[in-house]
Amino acid sequence: MHKSKIKLKVYPMQMIIALILMLLPMTIILEKITGINAFDYLDEAWTIFCITYVFIAAIRRKIKRSDLIFVVFVIILAIIGLVSNMIFEIIDNWFAIAIDALSLFKIFLPYIVMKYIAVNDKQMLIAKYILPFAKLLILSATLFGILTELGFTNMYIADLRYGLKAFYFIFNSEPRFGYIMACCMLIVLIVEENKTKEKIYSILCIFNMILTTKGSVYIVIVCYIVFTILWKKQAKMTPIQAIPLSIAGIVASTFQINNYLRDTTSPRMLLLKYSFVTANDHFPFGSGFATYGSDMASRNYSPLYYKYRFHREYGLTPKRGMFLNDSLLSMFFAQFGYIGTAIFAVLVGIIFMHINNINVYKKAKALTLAIFIGLVASCLGSALIKSNIGVLSISIIGIVCGYTDNTFNKKEKSTRLKIKFQ
C-alpha cells in the first residue's frame with residue numbers, strides 16, 4: 001500500500017508569521033526592487049507587534065513568571081537609558097531616542113514572543129511553511145556561490161580572505177548572509193524528515209557560510225561542529241567544554257582579531273575605548289539613547305563624536321560613518337553604563353541557559369546554541385544582533401525553544417517529534 005502524503009493546511013496566524021520571518025532577510029532586495037522604503041522598517045514593525053503581544057499576555061496573565069521577570073529587566077534597561085537622556089541632555093531629539101529604545105526591544109522580545117507562539121503551534125506549521133523558502137535560498141546561494149568563486153559573478157567584496165572571495169549572495173553583507181544560511185539550516189534540521197536531504201542541505205549551508213570568510217559566521221560553524229562532537233552522552237554545554245570552544249573560536253576569528261582588535265587605531269577599537277570614557281563620564285547609567293554607538297547616534301551624529309574628534313577619523317565622520325554602528329558592546333557601555341551592561345549580560349545569560357537546558361534533537365540544539373553564541377560574540381565588532389537578520393535569528397531561536405516546550409508539555413506527539421526531539 002502507498003502511504004498517503006500529509007497535506008500542509010493553511011492556518012492564517014502561522015502563515016502570516018512565517019511570511020514575516022521570510023520577508024525579514026529579503027527587505028534590502030525588496031526595497032531596491034520596489035522602491036518602497038517601508039520594507040526597511042519591517043523589523044521595527046515586528047518588534048512593535050512583539051511589544052504588544054507581551055503587554056496583552058502580561059495583562060491576561062498568560063506569561064510565565066520567569067519570562068515576565070525577563071521582560072521587566074528589559075524595561076529597566078530602557079528606563080536607565082531614558083533617565084540618562086533626561087539627566088545629561090546630550091541630545092533633544094526624542095524621535096531618535098524612541099527609535100533607539102525600540103532597537104533595544106528588538107534584541108530580546110522576539111525570542112520571548114516566538115517561544116510562546118511556537119508552544120501553541122502543535123504541528124510546527126511556522127517552520128514547515130518556511131522550509132520550502134529555506135531550501136530554495138540554500139540551493140540558489142550554493143549555485144551563485146560556486147559561480148562567484150569561479151569568477152562568473154561579482155557577489156563578493158573586493159578583498160580576498162583565506163584565498164576565498166567573500167561571498168554575500170544578494171544581501172550585500174557577508175555576516176548577514178552567513179546567519180541567514182544558519183537559520184535556513186536550523187529550519188531544515190527541525191522539519192526535514194529525510195536524513196539524506198537533511199545532510200545535503202546542512203553541508204550546502206556550511207559551504208555557503210564558509211564562503212562568507214567572516215569570523216562571526218565561522219564561530220557558528222565551529223561551535224556547531226564542536227558541540228556535535230562533544231555531545232555524545234549529554235547534549236548540554238559544560239564549563240569544561242568552553243575551553244576547546246574558545247580556542248577554536250579564536251582560531252576561526254584570527255583575521256578579524258588582527259584587523260579589528262589588535263590594531264588600537266582601528267575604528268572599532270576607538271569606539272570601544274571611548275565607550276569606557278563615556279561610561280565613566282556619565283556614571284553610573286551611561287549617556288542615554290541615541291548618543292553613542294547606535295544607528296540613531298550615527299544618523300544624527302552625536303555631540304559626543306565631535307567631543308572625541310571622531311569627525312576626523314576614517315569611517316567615523318558625519319558623511320562617511322560606516323563604522324559608527326559597528327559595535328553593540330561599545331554602545332551598551334556608553335549608553336547604559338556599567339549597570340546597564342551588567343543587566344544586558346544577565347539577559348543574555350538567561351537565554352543561554354534556556355537554550356542549554358532544552359531537550360531537543362542534538363544537531364538542532366547544537367546549531368541553536370551556536371547561532372546564539374555567534375550573535376553575542378558579534379557584539380564586539382558589529383550590531384548584527386539588532387539588525388533585521390538579528391531579529392530573524394533570535395525569532396528562529398525562540399521557535400526552537402517553543403517547539404521543545406510544546407513537545408514535552410503535551411501528550412499528543414507526532415512520529416516526527418518522537419524521532420527528532422527525544
Side-chain angles (χ1 to χ4, degrees), residues 13-27 39-58 62-64 66-75 77-78 99-121 124-127 129-130 134 176 179-180 182-184 186-187 190 295 328 343-344 346-355 358 367-369 371-376 378-379 382-406:
M13 178 67 172
Q14 287 84 352
M15 177 65 81
I16 291 171
I17 292 172
L19 180 62
I20 291 172
L21 295 180
M22 286 186 281
L23 286 174
L24 278 172
M26 305 301 295
T27 50
F39 282 112
D40 192 39
Y41 296 98
L42 181 61
D43 50 341
E44 279 84 4
W46 177 238
T47 305
I48 291 172
F49 167 80
C50 291
I51 293 172
T52 306
Y53 184 100
V54 169
F55 179 74
I56 294 173
K62 297 291 185 179
I63 186 169
K64 293 178 183 178
S66 58
D67 291 330
L68 187 59
I69 292 172
F70 180 91
V71 173
V72 169
F73 271 121
V74 179
I75 294 172
L77 199 51
I99 296 297
D100 228 24
L102 188 64
S103 295
L104 172 65
F105 289 97
K106 270 188 196 181
I107 301 172
F108 299 108
L109 290 199
Y111 164 75
I112 291 291
V113 171
M114 284 311 307
K115 189 175 69 168
Y116 276 85
I117 290 175
V119 165
N120 296 314
D121 183 18
M124 302 198 303
L125 293 174
I126 296 173
Y129 289 145
I130 296 174
R176 294 188 183 193
Y179 278 85
I180 290 169
C183 289
C184 288
L186 187 52
I187 291 294
I190 65 175
D295 182 48
L328 190 79
I343 293 174
F344 171 73
V346 169
L347 292 169
V348 167
I350 291 172
I351 297 177
F352 175 85
M353 287 189 293
H354 189 194
I355 299 171
I358 60 175
L367 185 55
T368 304
L369 198 56
I371 291 173
F372 185 68
I373 290 173
L375 285 173
V376 175
S378 72
C379 291
S382 77
L384 177 69
I385 197 171
K386 64 186 181 78
S387 69
N388 55 348
I389 304 306
V391 173
L392 169 69
S393 300
I394 205 70
S395 297
I396 298 295
I397 289 172
I399 287 175
V400 175
C401 293
Y403 282 161
T404 305
D405 289 342
N406 181 354

task = Could you walk me through whether Leu328 and Ser382 pass the side-chain contact (heavy atoms from CB on, under 4.5 Å) test, one step at a time?
result = CA-CA 6 Å; Leu328 190 79; Ser382 77; over 6 Å; no
message = Show, in sequence, the C-alpha distance, side-chain angles and deciding distance for Met114 and Ile17, and conclude whether the side-chain contact (heavy atoms from CB on, under 4.5 Å) test is met.
response = CA-CA 9 Å; Met114 284 311 307; Ile17 292 172; 3.8 Å; yes
message = Run His354 and Tyr111 through side-chain contact (heavy atoms from CB on, under 4.5 Å) and show every step you take.
response = CA-CA 11 Å; His354 189 194; Tyr111 164 75; 2.3 Å; yes
request  = Would you sort out whether Leu19 and Tyr129 count as a side-chain contact (heavy atoms from CB on, under 4.5 Å), showing the intermediate values?
outcome  = CA-CA 8 Å; Leu19 180 62; Tyr129 289 145; over 6 Å; no
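Using a 4.5 Å heavy-atom threshold, the side chains of Tyr403 and Ile126 count as touching. Taking 4.5 Å as the limit, every side-chain heavy atom of Ile394 sits out of range of all side-chain heavy atoms of Ile107. For the pair Asn120 and Tyr116, the minimum side-chain heavy-atom distance is 4.5 Å or more. Using a 4.5 Å cut-off on side-chain heavy atoms (C-beta onward), Ile397 and Ile371 make contact. Residues Leu347 and Ile351 form no side-chain contact, since every pair of their non-hydrogen atoms from C-beta on lies 4.5 Å or further apart.
For the pair Ser387 (side chain) and Ala383 (backbone), a donor-acceptor distance under 3.5 Å is absent. For Thr27 (side chain) and Leu24 (main-chain N/O), a donor-acceptor pair under 3.5 Å exists by modelled atom type.
In this structure, CG on Leu392 lies 11.5 Å from CZ on Arg176, to the nearest 0.5 angstrom. To the nearest 0.5 angstrom, Glu44 atom CD is 6.0 Å from Leu102 atom CG. Between atom CD1 of residue Ile20 and atom CE of residue Met15 there is a gap of 12.5 Å, rounded to the nearest 0.5 Å. Atom CG in Asp67 sits 4.0 Å away from atom CD1 in Ile112 (nearest 0.5 Å). Annotation: the span from Ile180 atom CD1 to Met26 atom CE amounts to 8.0 Å, rounded to 0.5 Å. To the nearest 0.5 Å, the span separating CZ on Phe70 from CG on Leu109 amounts to 7.5 Å.
Ile130 and Ala18 get closest at one heavy-atom pair: CG1-CB, 3.9 Å. Taking each heavy atom of Gly402 and Val119 in turn, the nearest pair found is O-CG2, 3.5 Å. In plain terms, the two heavy atoms of Ser378 and Leu384 that are nearest each other are OG-CB, 3.9 Å. Of all heavy-atom pairs spanning Ile343 and Phe73, the tightest one is CG2-O, 3.8 Å.
Checked options Leu367, Thr368, Ile187, Ile355; the residue passing with Val400 is Thr368 (criterion: side-chain contact (heavy atoms from CB on, under 4.5 Å)).
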Between side-chain atoms of residues 46-58 and protein atoms elsewhere (two or more places apart, or another chain), which donor-acceptor pairs fall under 3.5 Å?
from  : atom 1 : to     : atom 2 : distance (Å)
Trp46 : NE1    : Ser395 : OG     : 3.3
Thr47 : OG1    : Asp43  : O      : 2.7
Thr52 : OG1    : Ile48  : O      : 2.9

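Between Lys386 and Asp295, no side-chain nitrogen of the basic residue sits less than 4.0 Å from a carboxylate oxygen of the acidic one, so the salt-bridge criterion is not met.
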